[in-house]
Amino acid sequence: MAEVTTIARPYAEAVYRIAEQGGTLDKWSQMLEFASTVVSDPQMQALIGNPRLTAEQQRNVFLSVCEKSLDAQGVNMVQLLLENGRLTLLPVIREQFELLRALHGGVMDTEIFSAYPLSNAEKEDLVRRLEAKYKRKVEATVTLDPELIGGIRIVAGDVVIDASVRGQLQNMAFTLNS
């Protein structure tokens with residue numbers, strides 16, 4: 001998966017720069033979402049993987065499906081991806097684009113795993129603390145995970161804060177076994 005992400009990242013960065021300079025971030029999000037959905041369709045995947053079809057035929061079919069949802073720059077991106085045999089990367093390019101958008105927009109998506117339901121006040125307090133720690137807006141979703149036994153586990157990007165009973169027991173077991 002890392003290799004696919006590495007290949008898709010430059011495309012996502014280029015699209016992000018174009019969208020940011022043109023003030024069309026929302027439009028690009030919509031275009032990438034639609035094109036990703038089309039390219040993920042099993043029938044479209046069979047068509048793209050068909051060695052009997054030329055790149056021009058693939059382009060025509062793909063663009064005929066997407067023509068009303070892509071502007072001229074979106075069409076150019078699709079053509080570039082087709083020329084380089086990278087059209088199937090669209091979902092990963094979209095994902096990378098949205099990550100860049102969130103990063104530059106100052107929003108951090110966070111998932112809070114809790115052994116028990118959190119009240120709105122508890123969730124708001126956690127979000128406020130995370131915003132103060134990371135100096136950006138935090139959008140959090142709460143997921144119940146009874147296997148934590150007690151406490152919470154927070155996943156914010158690459159950072160994991162484990163304040164759960166299960167995590168503490170695992171740390172203790174590791175220490176005792178060392």
Taking [X] for the side chain and [Y] for the main chain, is one N or O donor matched with an acceptor at less than 3.5 Å?
{"X": "Gln57", "Y": "Thr54", "result": "yes"}
{"X": "Asp125", "Y": "Ala121", "result": "no"}
{"X": "Thr24", "Y": "Lys27", "result": "no"}
{"X": "Ser164", "Y": "Gly167", "result": "yes"}

To check you understand the geometry: which heavy-atom pair defines the closest contact between [X] and [Y], and what is its length?
{"X": "Arg136", "Y": "Met108", "result": "NH2-CE, 3.6 Å"}
{"X": "Arg153", "Y": "Val160", "result": "NE-CG1, 3.9 Å"}
{"X": "Pro91", "Y": "Val39", "result": "CD-CG1, 3.5 Å"}
{"X": "Glu122", "Y": "Pro117", "result": "OE1-O, 4.2 Å"}
{"X": "Ala12", "Y": "Ile93", "result": "CB-O, 3.6 Å"}
{"X": "Ala35", "Y": "Cys66", "result": "CA-SG, 4.5 Å"}

Validation row: [X], [Y] side chains within 4.5 angstrom (heavy atoms):
{"X": "Leu80", "Y": "Asn84", "answer": "yes"}
{"X": "Phe62", "Y": "Leu47", "answer": "no"}
{"X": "Arg94", "Y": "Glu33", "answer": "yes"}
{"X": "Val75", "Y": "Glu67", "answer": "no"}
{"X": "Glu20", "Y": "Trp28", "answer": "no"}
{"X": "Asp162", "Y": "Asn171", "answer": "no"}
{"X": "Thr5", "Y": "Gln96", "answer": "yes"}

Atom pair [atom1] ([X]) and [atom2] ([Y]), whose distance is rounded to the nearest 0.5 Å:
{"X": "Asp71", "Y": "Gln30", "atom1": "CG", "atom2": "CD", "value": "11.0 Å"}
{"X": "Leu118", "Y": "Lys123", "atom1": "CG", "atom2": "NZ", "value": "9.0 Å"}
{"X": "Arg9", "Y": "Leu100", "atom1": "CZ", "atom2": "CG", "value": "8.5 Å"}
{"X": "Leu25", "Y": "Ile18", "atom1": "CG", "atom2": "CD1", "value": "11.5 Å"}
{"X": "Leu82", "Y": "Arg86", "atom1": "CG", "atom2": "CZ", "value": "12.5 Å"}
{"X": "Arg59", "Y": "Ser64", "atom1": "CZ", "atom2": "OG", "value": "10.5 Å"}

Salt bridge (charged side-chain N to carboxylate O under 4.0 Å, His left out) between Glu147 and Arg166, intermediate numbers included: CA-CA 7 Å; Glu147 291 184 12; Arg166 184 177 83 187; 3.4 Å; yes
Glu56, CD atom: more than 12 neighbouring heavy atoms under 6.0 Å: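 Count over threshold, so yes.
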Crowding at CZ, Arg129 (>12 non-hydrogen neighbours, <6.0 Å):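 Atom CZ in Arg129 is not packed in, count stays at 12 or less.
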Please check if [X] and [Y] belong to a single hydrophobic cluster, counting links between Ile, Leu, Val, Met, Phe, Trp and Tyr side chain heavy atoms closer than 4.5 Å.
{"X": "Val15", "Y": "Leu63", "result": "yes"}
{"X": "Tyr116", "Y": "Leu126", "result": "no"}
{"X": "Ile161", "Y": "Val165", "result": "no"}
{"X": "Leu144", "Y": "Ile154", "result": "no"}
{"X": "Ile149", "Y": "Val155", "result": "no"}

Stepwise side-chain contact (heavy atoms from CB on, under 4.5 Å) check, Ser69 with Met31: CA-CA 6 Å; Ser69 298; Met31 288 192 299; 5.8 Å; no
Test item: side-chain donor near acceptor, Ser29 and Glu98, under 3.5 Å: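 Present: a donor and an acceptor within the cut-off.
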Residues Glu111, Thr143; criterion side chain to side chain donor-acceptor pair (under 3.5 Å); working and verdict: CA-CA 7 Å; Glu111 189 154 11; Thr143 304; 2.6 Å; yes
Identified side chain to side chain contact (heavy atoms under 4.5 Å, CB included) counterpart of Val138 within the set Ile112, Val127, Asp109: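 For Val138, the side chain to side chain contact (heavy atoms under 4.5 Å, CB included) check succeeds only for Val127.
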Steps toward side-chain contact (heavy atoms from CB on, under 4.5 Å) verdict (His104, Tyr16): CA-CA 10 Å; His104 292 285; Tyr16 182 80; 3.0 Å; yes
Intermediate values then yes/no, side-chain contact (heavy atoms from CB on, under 4.5 Å), Met44 and Val65: CA-CA 10 Å; Met44 187 59 71; Val65 173; 4.0 Å; yes
Residues Val142, Ile152; criterion side-chain contact (heavy atoms from CB on, under 4.5 Å); working and verdict: CA-CA 10 Å; Val142 177; Ile152 60 171; over 6 Å; no
